[in-house]
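Here is how names work: the chains are called A, B, and so on, in the same order as the sequence lines, proteins then strands, and each is numbered from 1.
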Amino acid sequence: MNYKDTLNLPDTQFPMKANLAEKEVTTLARWEEDDLYGAIREERKGKKAFILHDGPPYANGNIHSGHALNKILKDIIVKAKTMSGFDAPYVPGWDCHGLPIEHQVDKQLGKKKREMSTSEIRGECREYALKYVGIQREEFKRLGILGDWERPYLTLDHNYEIGILKELQKFVANGGLYRGSKPVHWCPSCVTALAEAEVEYADHTSPSIFVKFELTADSARILGLPETQSYVVIWTTTPWTLPANMAVCLHPDFNYSAVKVGDDTLVLAEDLVTNCMTAFGFDDYETVATFNGAKAERLKTRHPFLEKESLVITGGHVTLEQGTGCVHTAPGHGQDDYAVGMKYGLEIYNPVDQYGKFKPDTPHFAGQKVRKANANVITLLEERGALLKREDVEHSYPHCWRCRGPIIFRATPQWFLSMEKNQLRQKALEAIRSVEWKPGWGENRIYGMVENRPDWCVSRQRVWGAPITAFYCEECDETLMDENITDHVIGILEKEGVDVWFDKPAGELLPDNTKCSNCGSTSFTKSSDILDVWFDSGVSHSVVVKDDPRFAGSSDLYLEGSDQHRGWFHTSLLESVGSTGKAPYREVLTHGYVVDGSGKKMSKSLGNVIAPQTIIDKYGAEIVRLWVAGEDYTEDIRLSDVILKRLTEAYRKIRNTIRFMLGNLSDFDPDTDMVPYSEQMELDKVIHLKFARLIEKVTTSYDMYDFHVFYHSFHNFCVLDLSSFYLDIVKDRIYTFPAASFERRSAQSAMYELTHGMLRLMAPVLSFTAEEAWDFLPHCAGSKKKSVHMTLFPATSVDTSGETLLKEWERIVMIRGEVSTALEKARRNKEIGHSLDARVTLSLFKNDYALLENREKDLAAIFIVSQAELNSEPLDGNSFISETIPGLTVKVERAHGDKCERCWNYDESVGHSDKWPTVCSKCANNLAAII
RNA sequence: GGGCCUAUAGCUCAGUUGGUUAGAGCGCACGCCUGAUAAGCGUGAGGUCGUUAGUUCGAAUCUAACUAGGCCCA
């Protein structure tokens with residue numbers, strides 16, 4: 001007789017091989033067909049809301065691993081909140097305006113662009129953005145991210161664009177928006193402003209000059225220098241910016257020397273004296289004084305050729321790498337100069353027009369092109385005796401990406417949001433304190449940024465974005481932008497579309513009879529500036545979260561990469577505090593950056609990039625999700641083939657554990673076969689209790705957003721508590737007892753509860769596998785949810801009486817480990833092979849003895865040996881002596897009797913049955929019950 | 001160059017307020033099983049806790065510097 005056929009072996013269609021890459025696609029199709037997202041919304045309707053507001057990725061290019069990380073984290077949170085009973089809608093968004101898209105469209109259009117109207121170009125940009133929204137949407141969905149994908153928010157939506165204008169209007173109304181001046185990269189031959197991304201650096205030869213700025217008599221005296229012919233020496237490679245010089249900047253912490261050369265006293269950084277003197281050709285010089293840079297602050301020098309003074313200021317950007325440590329500062333012609341100029345309240349003076357020529361009122365150089373003016377400046381300096389040295393240098397210099405010509409920095413009129421008006425900075429800093437930041441250092445990081453940032457320049461000289469709806473008087477250049485005007489304009493754009501702004505002349509956009517308040521003129525030009533895209537996304541708290549009926553509330557959580565302390569967290573905060581006085585979020589979570597296996601950033605040039613699509617094809621999206629869950633995302637997150645391999649192995653373990661339990665539940669009907677917890681066998685209770693602890697740990701980890709805790713504890717539970725402990729022991733019972741016996745049903749009841757609970761616990765992370773297994777699990781009649789994602793997490797019901805039981809079993813498991821070690825020794829000695837070949841005898845100290853004595857008849861099963869007995873006497877010298885459990889000795893010998901052909905245990909009863917002569921008495925009884 | 005952050009076994013993570021031989025799982029090696037089988041079980045070997053200096057009776061844990069790396073600025 002083939003006794004194997006009389007056993008209850010596991011049986012399930014749930015495949016061992018996951019085949020994720022294919023299976024996931026089917027599951028996704030089913031979710032879409034069933035409108036799972038909609039069903040969940042319906043299911044949670046009226047429950048307490050949890051709003052995770054999606055930060056919009058830029059609609060350009062395919063998604064990379066950082067996108068995957070970000071969106072999967074969000075998905076895990078949304079799903080976990082949903083399964084905790086919240087109504088947690090997820091509306092994804094995209095950032096659609098901005099330079100990178102306009103840039104790409106420019107490239108595609110080429111010369112054709114010149115014949116197109118602004119709104120036609122905008123149309124191309126819109127199409128381009130929508131194309132990538134479509135591509136990225138599919139890529140995100142492929143990762144198993146559940147959301148309202150058919151109705152995302154796009155910053156190019158009509159409603160959104162109008163929302164942007166309305167938000168900006170609030171700053172017009174409260175005076176926070178002002179027109180100022182700021183240097184930008186400017187291409188004089190293309191006659192346009194350039195963004196940083198449009199600037200290419202190339203070698204360029206420039207004149208390098210050293211120039212004397214004479215200290216005023218008072219200033220020289222303060223430094224203890226001669227009142228005449230004492231000079232601060234500056235160095236520059238852009239002589240043409242000298243007409244715009246406003247200051248000379250020293251480092252406050254550097255030492256400066258006054259060097260006597262002939263009749264002159266020259267001030268320059270101490271460390272650079274030797275180099276400079278050599279360069280100037282002075283070998284006879286003497287240092288007459290040394291002072292700290294800070295001491296010279298606010299002293300005055302005379303401009304070398306203009307009738308004005310140039311202030312001595314200090315700034316941390318000054319270096320000792322080149323020059324003199326004294327930096328010529330023209331706030332209208334450089335970023336550093338601008339920043340430090342603002343600090344000292346200097347005029348942002350720019351004498352250069354859009355063609356790169358000096359304006360007509362510029363002394364000495366009116367009408368000259370700046371580059372040609374270089375030589376004339378030098379000549380003038382020589383005439384005035386202010387030139388110490390000139391030579392040519394080759395250095396890296398910015399060039400226009402389009403015409404390849406060298407570009408200049410030029411201050412142009414720009415729009416700003418003031419950090420001080422309405423105490424925006426102060427209020428923003430206070431708002432930061434009211435928000436919960438995780439990890440905690442995020443608070444200091446963004447605080448420092450807001451504390452030190454300059455006013456926010458919100459204008460861009462571009463076309464792909466929301467317009468700044470300002471007008472300028474054609475006669476006197478007075479700015480016309482007040483609440484009434486913007487109201488009027490928004491009214492028109494709301495009806496006719498934002499493109500109208502670009503198509504219609506100013507007159508048609510203004511209210512009738514508009515007159516310039518300054519000169520009374522009635523002719524106006526409209527602003528051609530658009531808004532910084534960071535303003536676009538910064539208003540989503542209002543346009544999306546407040547106004548969209550799907551939320552109609554306020555955000556609980558923002559979750560983005562740590563770069564967004566400067567980006568979206570920052571701009572959203574300023575915008576929200578500026579318009580509502582409050583932070584736009586209650587809690588902010590940040591994640592690190594994806595780096596390679598050795599911690600280096602991923603880049604094409606290093607060749608260490610791993611694209612999500614590659615992982616999906618090779619391993620499945622589920623593995624990407626497990627990766628996200630397994631790593632501590634608050635720091636940089638490593639991604640490599642080795643890591644993915646480990647994850648795949650962990651995944652297989654989890655999958656197989658579930659598969660095994662499903663297999664053992666194939667004949668289990670929870671409605672009729674369930675043994676209540678209180679009546680279950682002790683071991684089954686124990687695993688229940690261990691599982692209750694897991695539930696506690698996992699649900700807490702979701703609440704705290706500590707997903708790697710889920711990963712580790714869940715995996716450990718599968719490996720340690722289930723696979724190598726509970727399931728291994730219980731196999732004998734499940735297989736050999738009659739199918740409907742109490743012993744077997746008790747174990748099945750435990751497995752049923754566990755599987756049912758585990759699938760729910762893992763669903764936020766292992767969304768595909770949980771769903772797949774959900775269908776293979778038997779369910780109580782009428783209670784099965786269509787999807788595991790519509791269920792709630794299992795509840796913990798740890799009864800306190802269980803604690804003692806758990807403690808006792810922890811000790812038993814320890815003893816079991818020692819028995820394993822003893823068995824392994826015997827195995828090495830070829831005394832046994834399988835542990836069932838063995839009979840063990842244990843001797844223990846009193847407490848441990850009592851612990852086991854209570855379970856003496858189960859000991860063999862627990863140790864998975866054929867026979868186990870206890871002995872209160874010490875055992876003979878050949879026994880295994882435990883090093884970890886004092887008093888424990890284990891004797892291993894061959895089991896007595898013969899091997900039962902059915903249950904493979906050795907027993908002296910084998911042969912006693914007439915009917916089944918090769919099985920033990922236990923099996924004979926079981927057989928009698930079955931047949 | 002500045003701000004913020006990180007650094008524990010090959011990999012992913014634990015290590016409470018500083019206190020006995022630094023833990024887990026995976027991987028690896030070796031073995032068992034062949035009734036979870038492209039599975040399952042067991043045993044074992046892996047770490048001078050980035051480096052150096054300091055505080056302390058005592059530091060992976062506190063301080064400083066350095067090195068490597070990340071984000072954001074310049």
Side-chain angles (χ1 to χ4, degrees), chain A residues 2-12 16-17 251 315-321 335-336 339 439-449 451-453 561-567 570 590-602 626-627 629-632 634-638 640-650 652-653 655-664 706 708-709 711-720 723-725 727-729 731-732 734-736 816-817 819-828 830 832-837 864 902-904:
Chain A
N2 184 2
Y3 292 110
K4 186 172 175 178
D5 298 336
T6 70
L7 299 173
N8 311 298
L9 295 178
D11 174 27
T12 178
M16 178 179 282
K17 194 169 182 316
H251 196 290
H317 63 286
V318 176
T319 71
L320 296 173
E321 273 161 34
Q335 301 282 34
D336 284 335
W441 49 259
E443 179 168 338
N444 283 338
R445 186 168 149 98
I446 193 169
Y447 194 95
M449 288 172 175
E451 200 172 25
N452 294 312
R453 66 156 299 145
S562 57
D563 54 333
Q564 300 302 327
H565 285 118
R566 167 65 62 182
H570 190 115
T590 39
H591 58 76
Y593 263 62
V594 180
V595 293
D596 73 7
S598 55
K600 297 252 162 55
K601 79 162 102 184
M602 288 194 171
L626 199 57
W627 165 68
E631 306 254 340
D632 179 358
T634 59
E635 303 169 17
D636 290 331
I637 303 124
R638 294 180 181 219
S640 69
D641 255 335
V642 178
I643 292 170
L644 289 167
K645 283 218 176 68
R646 292 297 96 84
L647 284 163
T648 308
E649 281 149 9
R652 270 208 291 270
K653 184 70 191 186
R655 184 180 179 91
N656 269 329
T657 305
I658 284 160
R659 176 172 183 269
F660 182 62
M661 293 199 288
L662 287 175
N664 285 321
D706 286 331
H708 65 279
V709 175
Y711 168 77
H712 283 281
S713 52
F714 197 84
H715 184 241
N716 266 14
F717 184 74
C718 287
V719 173
L720 293 177
S723 201
S724 85
F725 172 68
L727 295 176
D728 208 26
I729 293 172
K731 266 181 214 169
D732 179 73
I734 283 274
Y735 292 174
T736 66
R816 184 174 185 260
V819 172
S820 288
T821 309
L823 288 169
E824 183 64 22
K825 263 185 119 177
R827 194 174 286 129
R828 303 272 167 182
K830 306 282 180 201
I832 58 164
H834 195 282
S835 59
L836 283 178
D837 297 346
I864 318 186
R902 186 165 178 273
C903 70
W904 293 350

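Remark: D563(A) does not engage R566(A) in a salt bridge, criterion side-chain N to carboxylate O under 4.0 Å. Using a cut-off of 4.0 Å between Lys/Arg side-chain N and Asp/Glu carboxylate O, R828(A) and E824(A) are scored as salt-bridged.
An OP1 or OP2 oxygen of rG35(B) is reached within less than 4.0 angstrom by no side-chain nitrogen or oxygen of K731(A). Close to rG10(B), at under 4.0 Å from its OP1 or OP2, lies no side-chain N or O of R638(A). Residue K4(A) places at least one side-chain N or O closer than 4.0 Å to OP1 or OP2 of rG35(B). Checking the phosphate oxygens (OP1, OP2) of rC41(B), no side-chain nitrogen or oxygen of S820(A) falls inside 4.0 Å. Checking the phosphate oxygens (OP1, OP2) of rG40(B), a side-chain nitrogen or oxygen of K653(A) falls inside 4.0 Å. At rA14(B), one or more side-chain N or O atoms of H708(A) fall inside 4.0 Å of OP1 or OP2 (strictly under the cut-off). Look at S724(A) and you'll find a side-chain N or O under 4.0 angstrom from OP1 or OP2 of rG42(B).
Here rU6(B) is the nucleotide among rU6(B), rC71(B), rA39(B) with the atom lying nearest to any side-chain atom of E635(A). For D563(A), the side-chain atoms get nearest to rC72(B) when compared with the rest of rU43(B), rC72(B), rA38(B). Checking rG42(B), rA38(B), rC13(B) against every side-chain atom of R827(A), the shortest atom distance belongs to rG42(B). Nearest to the side-chain atoms of E649(A) among the listed nucleotides rG40(B), rG27(B), rU12(B) stands rG27(B). Distance from the side chain of R646(A) is smallest for rC26(B) among the nucleotides rU12(B), rC26(B), rA39(B). Distances from the side chain of R828(A) to the nucleotides rG42(B), rA39(B), rC11(B) place rG42(B) closest. Comparing rA7(B), rA36(B), rG70(B) against the side chain of V595(A) picks out rG70(B) as the nearest. Considering only the side chain of D728(A), rC41(B) comes nearest among rC41(B), rA38(B), rC5(B).
At a threshold of 4.0 angstrom between heavy atoms, the contacts of G592(A) with the nucleic acid are absent. Within the nucleic acid shown, H712(A) comes within 4.0 Å of at least one base atom, counting heavy atoms only. At a threshold of 4.0 angstrom between heavy atoms, the contacts of D336(A) are confined to the sugar-phosphate backbone, with no base atom among them. Residue contacts for G599(A): at a heavy-atom cut-off of 4.0 Å it reaches the sugar-phosphate backbone alone, with no base atom in range. Among the protein residues, M449(A) comes within range of the sugar-phosphate backbone only, with heavy atoms under 4.0 Å from sugar or phosphate atoms but none that close to a base. At a threshold of 4.0 angstrom between heavy atoms, the contacts of R453(A) with the nucleic acid are absent. Contacts of G663(A) with the nucleic acid, taken as non-hydrogen atoms under 4.0 Å apart, are absent. The residue N716(A) sits close only to the backbone: its heavy atoms come under 4.0 Å of sugar-phosphate atoms, none of a base.
When the P atom is compared between rG47(B) and rA65(B), the two are found 31 Å apart, to the nearest whole Å. Taking the P atom of each, rA64(B) and rG3(B) are spaced 13 Å apart, rounded to whole Å. Annotation: rU21(B) and rC49(B) have their P atoms spaced 14 Å apart (nearest Å). When the C1' atom is used for both rA60(B) and rG19(B), the distance is 13 Å, rounded to whole Å. Only the P atoms considered, rU6(B) is 28 Å distant from rG25(B), to the nearest whole Å. When the C1' atom is used for both rU20(B) and rG2(B), the distance is 45 Å, rounded to whole Å. With both ends at atom C1', the span from rG40(B) to rC5(B) equals 44 Å, rounded to whole Å. With both ends at atom C1', the span from rG23(B) to rG69(B) equals 26 Å, rounded to whole Å.
Pair check for rU43(B) finds rA29(B); Watson-Crick or G-U wobble, both atom distances under 3.5 Å.
A 4.5 Å side-chain heavy-atom check between K731(A) and I864(A) finds every atom pair outside the cut-off. Looking at L9(A) and Y735(A), their side chains come closer than 4.5 Å, going by heavy atoms from C-beta outward.
Residue side chain Y593(A) fails the stacking definition with respect to rG70(B), as its ring centre and the base's six-membered ring centre are not both under 5.5 angstrom apart and under 30 degrees in plane angle.
Nearer the 5' end of RNA chain B, as judged by each residue's closest nucleotide, is the contact made by K830(A), out of K830(A) and G817(A). Along RNA chain B, the nucleotide nearest to Y735(A) and the one nearest to G597(A) differ in position, and the one closer to the 5' end is contacted by G597(A).
Once rounded to the nearest 0.5 Å, the distance linking NE2 of H715(A) with CG of L647(A) reads 9.5 Å.
When the P atom of rG3(B) is taken as reference, atom CZ of R445(A) falls 13 Å away, rounded to whole Å. For the pair L7(A) CG and rU34(B) P, the computed distance is 14 Å after rounding to whole Å.
Between the side chain of S723(A) and the base of rA36(B), at least one donor-acceptor pair of N or O atoms lies under 3.5 Å.
Look at rG15(B): its glycosidic torsion is beyond 90° from 0, and that puts it in the anti range.
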Begin with the C-alpha distance, continue with both residues' side-chain angles, and end with the deciding distance and a verdict on side-chain contact (heavy atoms from CB on, under 4.5 Å) for S713(A) and F717(A). CA-CA 6 Å; S713(A) 52; F717(A) 184 74; over 6 Å; no
